[in-house]
Amino acid sequence: MPDKNDKPRVRFAPSPTGFLHVGSARTALFNWLYACHTGGTYLLRIEDTDLERSTEDATRQIIESLEWLGLMSDEPIEYQTRRAGIHREYLHRLLDMGRAYRCYCPKDKLDAMREDARRKGAIFAYRRGMFSGEESSRMEAAGAPCVIRFCAPEEGAVAFDDLVYGRIEVRLDTIGDFVIARGDGSPLYNFTNVIDDIDMGITHICRGEDHISNTSKQILIYEALGAARPRFAHLPMILGADKQKLSKRHGATGVMRFREMGILPGALVNFLALLGWAPSEAEFNEVMSMDEIIARFSLDRINKSPAVFDHEKLMWMNGMHIRRTPKERLHALVEPLLREQFGGGPEGFDPHTVVRNPALSDGEWLDGVIGLATERTRTLNDFGGILDFFFRAPARYDEKAVKKLLGAPEKVEFLRATAKHIDDSWDRALSSAHDPKLESSAAADQWCAAMEESLRSWSEAGGHKLGAAAQPMRLALTGRTASPPLFHCMWYLGRTETVRRIEACARSVSGD
RNA sequence: GUCCCUAUCGUCUAGCGGUCCAGGACACCGCCCUUUCACGGCGGCGACACGGGUUCGAGUCCCGUUAGGGACGCCA
């Protein structure tokens, strides 16, 4: 029996200063995938030590986003502000060991030194002793506020083997005595992050590439404390179309925005997983479920180069996921959207505004209609636009199409004759779909096939191709030249409404 | 400016010294299926940033150049 103790423990540690960004979501995802693949544990830690910028609202939104993506913590969520005792304890330990010290150097002096160094093209690394004269002692005696700095070694180098980037080495003379606690005593990121990772037993740290330069500082703290350092895996950045780091400027970047756009969480996860990572198969189906991704995932196949977020590909992938979603699930997702757009109470759509085939139950009808749109969508929000004519008769007809398809009186006459034929043969087509054992959608298919055959032979007998009859009818029924399959539209609209719409269109076009 | 990192089709990527006149996916363009749109199928367009090495042989290793990104906080 494998021991949970030798399994990886990973965490996602967002700071609640705004909504969950897709870049952060991708970091959370990779941690989660690694934990799932290895049978390890995935934790969530809210890094809210920056009281100025952290908000409860952001915390709530981040958790909501993670829940939606299915990336929730295996253990209760940790909040850094509730761990202050631990931070204090370690801070004193470093102070007692002489690996940290109080620094009274005023901010303006610091700024001047930084500016000076930059002008000379040098690295600014603050060192203990740079401000320790009389003034410093006086301030200390007066109990002035001071920051606490980590006492960093000055010679040699820190190195670590990044699981993605390989060996990274940084000279120690580029790292100064960095601040680990503010003037008010509250601890800072580079410190709390390390302490919490030690305390929570984190074995692998997977985070954005922008943290590479923090890593060497953090390793120094691990070493000062004699703690085992975790393995690091840095993820390449996600870029916008302009190749700049993805930000609000690039439009939708918040995870919840994608939900509003009608993106499926599984599609976003799938898309994000493939940004900077690819399975080992040379050729593979890019459309994958979470389980398929987990099974293939490994850190050593993560790319080093940054990736541009391709919105078009996300849309394509979302369409693929919509088509893979089981009927019932899709119905549950789409029905509220249709209801919102076309009205109707909790009991169903208002029968006075939605005229439909009375032979079908509410459920059969909605399932059927949603099924007609499914392969035509890229987002959940597309359903309404494709199916609108089922919920209300066309208010006007595509002008160019009217001119082309119904521009002559004889064409309008032919449309009227077509309506009559549909009306006359409706029930005959129905008899072929009579088998009560047939599922509703199969019955619909049979009726459609029968009706198509009927209309085909009728129009061919009159010297017309099927399309000559079908296209004007599509226009009459939907107001457009593009729609789901015509006979299915007729079937779900029902006999009365189909005939009514065709006549209404003929009247409207001929101006009487 | 300094430090770190990166560099294959427009985009996401496969490639871990010969099997690559570079493979797949999105997008785009044709054709097929077809009553329209879509789905699906088939085909096309399209890349190893540049220059030096190393090697019998380099997209693959090394060094430069160039370009891009990140970090240089009492933010995380």
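All chains are named by letter (A, B, ...) in the order of the sequence lines, taking the proteins before the strands, and each is independently numbered beginning at 1. These numbers come from a predicted model, not from an experiment.
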Visitor: To the side chain of Ser305(A), which of U6(B), U36(B), C26(B) is closest?
Guide: U6(B)
Visitor: Quick one: ring-ring contact (aromatic ring centres under 6.0 Å, His included) pairs with a partner in residues 111-132 of chain A, sequence neighbours left out?
Guide: none
Visitor: Can you run down the salt bridge (Lys or Arg N to Asp or Glu O under 4.0 Å) pairs that involve residues 233-247 of chain A, sequence neighbours left out, and say none if there aren't any?
Guide: Asp210(A)-Lys245(A), Asp242(A)-Arg249(A)
Visitor: What distance, rounded to whole Å, do you find between the two C1' atoms, one in A27(B) and one in G10(B)?
Guide: 8 Å
Visitor: With a non-hydrogen cut-off below 4.0 angstrom, is Ala122(A) in contact with a base, only sugar-phosphate, or nothing?
Guide: nothing
Visitor: To the side chain of Ala470(A), which of U35(B), U6(B), A27(B) is closest?
Guide: U35(B)
Visitor: For nucleotides 44-51 of chain B, which of its nitrogen or oxygen atoms have a protein nitrogen or oxygen under 3.5 Å away, and what is each distance?
Guide:
none

Visitor: Report each atom pair, protein N/O against N/O of nucleotides 22-25 of chain B, whose distance is under 3.5 angstrom.
Guide:
unit_1	atom_1	unit_2	atom_2	d
G23(B)	O2'	Glu283(A)	OE2	2.8
G24(B)	N2	Glu286(A)	OE2	3.1
A25(B)	O4'	Glu286(A)	OE2	3.4
A25(B)	O2'	Glu286(A)	OE1	3.2
A25(B)	N3	Lys313(A)	NZ	3.2

Visitor: Report the residue (Glu312(A) or Tyr165(A)) whose heavy-atom-nearest nucleotide on RNA chain B is the more 5′ of the two.
Guide: Tyr165(A)
Visitor: List the residues meeting side chain to side chain donor-acceptor pair (under 3.5 Å) with Arg26(A), not counting sequence neighbours, and say none if there are none.
Guide: none
Visitor: Identify whether any heavy atom of Arg301(A) sits under 4.0 Å from a base atom; if not, whether one sits that close to sugar-phosphate; answer base, sugar-phosphate or nothing.
Guide: sugar-phosphate
Visitor: Students often get this wrong, so: under 4.0 angstrom with heavy atoms, is Met320(A) touching a base, only sugar-phosphate, or nothing?
Guide: sugar-phosphate
Visitor: Given the C1' atoms of C26(B) and A14(B), what is the spacing between them in whole Å?
Guide: 15 Å
Visitor: Between Phe414(A) and Trp458(A), is the ring centre distance below 6.0 Å?
Guide: yes
Visitor: Between U6(B) atom P and Ile238(A) atom CD1, what is the distance in whole Å?
Guide: 18 Å
Visitor: Can you measure Arg474(A) atom CZ to U34(B) atom P for me and round it to whole angstrom units?
Guide: 15 Å
Visitor: Would you kindly give the CD1-to-C1' distance between Ile386(A) and U36(B), to the nearest whole Å?
Guide: 13 Å
Visitor: Hey, what do you get for CH2 (Trp277(A)) to CG (Leu29(A)), rounding to the nearest 0.5 Å?
Guide: 9.5 Å
Visitor: Scan residues 470-484 of chain A for pairs that pass salt bridge (Lys or Arg N to Asp or Glu O under 4.0 Å), counting only residues two or more places apart or in two chains.
Guide: Asp388(A)-Arg480(A)
Visitor: Ile46(A) versus Pro14(A): any side-chain heavy-atom pair under 4.5 Å?
Guide: yes
Visitor: How is Phe271(A) classified with respect to the nucleic acid when contacts are heavy atoms under 4.0 Å: base, sugar-phosphate, or nothing?
Guide: nothing
Visitor: In whole Å, I'd like the distance from the CG atom of Leu235(A) to the P atom of G69(B).
Guide: 19 Å
Visitor: Which comes earlier along RNA chain B counting from the 5' end, the contact point of Thr481(A) or that of Val170(A), where each point is its nearest nucleotide?
Guide: Val170(A)
Visitor: Using distance only, find each side-chain donor-acceptor pair of residues 169-180 of chain A under 3.5 Å and give its atom names and separation, not counting sequence neighbours.
Guide:
unit_1	atom_1	unit_2	atom_2	d
Arg171(A)	NE	Asp173(A)	OD1	3.2
Arg171(A)	NE	Asp173(A)	OD2	3.4
Thr174(A)	OG1	Arg171(A)	O	2.6
Asp177(A)	OD1	Ala152(A)	N	2.8
Asp177(A)	OD2	Tyr101(A)	OH	2.7
Asp177(A)	OD2	Arg128(A)	N	2.8

Visitor: Would you kindly give the CE-to-P distance between Met113(A) and G1(B), to the nearest whole Å?
Guide: 23 Å
Visitor: Could you list the residues that satisfy side chain to side chain donor-acceptor pair (under 3.5 Å) with Asp111(A), not counting sequence neighbours?
Guide: none
Visitor: Considering residues at least two apart in sequence or located in another chain, which fulfil the salt bridge (Lys or Arg N to Asp or Glu O under 4.0 Å) criterion with Glu115(A)?
Guide: Arg119(A)
Visitor: Identify, with sequence neighbours excluded, every residue that meets side chain to side chain donor-acceptor pair (under 3.5 Å) alongside Asp300(A).
Guide: Ser298(A)
Visitor: Between G69(B) atom P and Asn303(A) atom CG, what is the distance in whole Å?
Guide: 19 Å
Visitor: Going by purine N1 to pyrimidine N3 plus the second Watson-Crick contact, or the G-U wobble pair, all under 3.5 Å, which nucleotide sits opposite C31(B)?
Guide: G41(B)
Visitor: With a 4.0 Å cut-off on heavy atoms, is Arg119(A) in touch with a base, just the backbone sugar-phosphate, or nothing at all?
Guide: nothing
Visitor: Considering every strand and a 4.0 Å limit on heavy-atom distances, what is the contact class for Leu486(A): base, sugar-phosphate, or nothing?
Guide: base
Visitor: With rounding to the closest Å, how many angstrom separate the C1' atoms on G18(B) and C61(B)?
Guide: 15 Å
Visitor: Answer yes or no: is there an ion pair linking Asp199(A) with Arg83(A), defined by an N-O contact shorter than 4.0 Å?
Guide: yes
Visitor: Find the distance Arg323(A):CZ to G40(B):P and express it as a whole number of Å.
Guide: 6 Å
Visitor: Taking a pair as Watson-Crick or G-U wobble with both distances under 3.5 Å, which nucleotide is matched to C74(B)?
Guide: none
Visitor: Show your working on ring pair (Phe, Tyr, Trp, His ring centres under 6.0 Å) between Tyr189(A) and His211(A) and close with a plain yes or no.
Guide: CA-CA 11 Å; Tyr189(A) 167 76; His211(A) 285 289; 5.5 Å; yes
Visitor: Does G59(B) pair with anything, Watson-Crick or G-U wobble, both distances under 3.5 Å, and if so, with which nucleotide?
Guide: none
Visitor: For the pair made of CZ in Arg167(A) and P in C62(B), what is the distance, rounded to whole Å?
Guide: 15 Å
Visitor: Below 3.5 Å is the cut-off: list the nitrogen or oxygen pairs between protein and nucleotides 70-76 of chain B, distance only.
Guide:
unit_1	atom_1	unit_2	atom_2	d
A71(B)	O2'	Ser213(A)	OG	2.4
C72(B)	N3	Arg118(A)	NH2	3.4
G73(B)	OP2	Arg114(A)	NH1	2.9
C74(B)	O2	Gly183(A)	N	3.0
C75(B)	OP2	Arg182(A)	NE	2.5
C75(B)	OP2	Arg182(A)	NH2	2.8
C75(B)	O3'	Arg182(A)	NH2	3.4
C75(B)	O2'	Asp50(A)	OD2	2.5
C75(B)	O2'	Arg53(A)	NE	3.3
C75(B)	O2'	Arg53(A)	NH2	2.7
C75(B)	O2	Arg53(A)	NH2	3.2
A76(B)	OP1	Thr49(A)	OG1	3.0
A76(B)	OP1	Arg182(A)	NH2	3.1
A76(B)	OP2	Tyr189(A)	N	2.9
A76(B)	O3'	Glu47(A)	OE1	3.1
A76(B)	O2'	Ser15(A)	OG	3.0
A76(B)	N6	Asn214(A)	OD1	3.2
A76(B)	N6	Asn214(A)	ND2	3.2
A76(B)	N1	Asn214(A)	ND2	3.3

Visitor: Assign Gly319(A) to base, sugar-phosphate, or nothing according to its heavy-atom contacts below 4.0 angstrom with the strands shown.
Guide: nothing
Visitor: So, using side chain to side chain contact (heavy atoms under 4.5 Å, CB included) as the criterion, who are the partners of Arg456(A) when residues are at least two apart?
Guide: Glu452(A), Glu453(A), Glu460(A), Leu466(A)
